[in-house]
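See structure below.
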Amino acid sequence: MAMVGLFWIAEGDVYLGAKPTGLAPGVRLTPEGVMGLGDGQSTLHLWEDVRALTLADVPMKSFMRQAGKAGGVALETVMNLVLPERPLRAGEAPPAMTLHVSTDGGDHRLTAYTAAAAGYSSTEAELSGALLSRLTEGAATMSTTLAAMSDWGRRAEGGSPRGAERERLLRQWADQGS
């Protein structure tokens, strides 16, 4: 499993944001279409019907977000030492982002939890948005691009690559089928 831009790639499966578990919301990109996962958004939008994919609410990496995450980790550690048997806080969930799927039948919103706790860099967010746009340019482009992402995911070892490598991969995938 590895995170590249706003994508989570696990053994050939490509997700936008974190791979969902249980009833958590998520988005999977398949050769058939854009699949909404989780409670209340289980749906499939076929690629032949998808006209545009746009992102909203993407949490961006910032000093304050990173400092807040570090402070939260420190507080969590102290709380675990003081109250090791305390219950999990209800309602805690990672930040979410929205994928707007425009189809011939209308516009649809899908929610996915983010995989980057401190947010995404502006470069990775922009490249990921460009890659999503690229997927809507036709069946050949979509299948070539998704195949390249899936193949990389099956070969990837050792977790997520460093920032420069993630950006290189996003650019490479966005150029698939050109």
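Count residues from 1 along the sequence.
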### Query
Is there a side-chain contact between Val50 and Met142 (heavy atoms, below 4.5 Å)?
no
### Query
Is it true that atom CZ of Arg109 has more than 12 heavy atoms of other residues, nucleotides or ligands lying nearer than 6.0 Å?
no
### Which residues share a salt bridge (Lys or Arg N to Asp or Glu O under 4.0 Å) with Asp151, sequence neighbours left out
Arg154
#### Entry: Pairwise distance CG(Leu6) to CG(Leu127) - rounded to 0.5 angstrom
10.0 Å
### Task
Find the distance between CG (Leu132) and CG (Leu29) and round it off to the nearest 0.5 Å.
6.5 Å
### Common cluster, Leu99/Leu46, ILVMFWY with side-chain heavy-atom separation under 4.5 Å
yes
### Query
For the atom pair CG (Leu53) and OG1 (Thr103), what is the distance rounded to the nearest 0.5 Å?
10.5 Å
#### Entry: Between CD on residue Glu32 and CG on residue Leu146, distance to nearest 0.5 Å
10.0 Å
### Summary
Applied to residues 122-153, the ring pair (Phe, Tyr, Trp, His ring centres under 6.0 Å) test, sequence neighbours excluded, yields Trp152-Trp173
### Query
Do Thr98 and Leu55 have side-chain heavy atoms sitting under 4.5 Å apart?
no
### Query
Is the closest side-chain heavy-atom distance between Leu110 and Pro25 below 4.5 Å?
no
### Message
So for atom CZ, which belongs to Arg162, do other residues, nucleotides or ligands contribute more than 12 heavy atoms lying within a distance under 6.0 Å?
### Response
no
### Task
Take atom CE of Met35 as the centre, draw a 6.0 Å sphere, and report whether it contains more than 12 heavy atoms from other residues, nucleotides or ligands.
yes
### Query
Is the shortest heavy-atom distance from the side chain of Arg171 to the side chain of Thr123 under 4.5 Å?
yes
### Task
For side-chain contact (heavy atoms from CB on, under 4.5 Å), just list the numbers for Val27 and Val101, CA-CA rounded to whole Å, side-chain angles, deciding distance to a tenth of an Å, and then say yes or no.
CA-CA 11 Å; Val27 176; Val101 182; over 6 Å; no
### Task
Check whether any side-chain heavy atom of His100 sits under 4.5 Å from a side-chain heavy atom of Asp107, and report yes or no.
no
### Message
I'd like to know if Met3 and Leu16 are part of one continuous hydrophobic network [Ile/Leu/Val/Met/Phe/Trp/Tyr, side-chain heavy atoms within less than 4.5 Å].
### Response
yes
### Task
Sorted by first residue and then second, give each ring pair (Phe, Tyr, Trp, His ring centres under 6.0 Å) pair with at least one member in residues 14-44; sequence neighbours left out.
none
### Message
Would you compute the distance between atom CD of Glu137 and atom OG1 of Thr144 and round it to the nearest 0.5 angstrom?
### Response
11.5 Å
### Message
To the closest 0.5 Å, what do you measure between OG (Ser128) and CZ (Arg134)?
### Response
15.0 Å
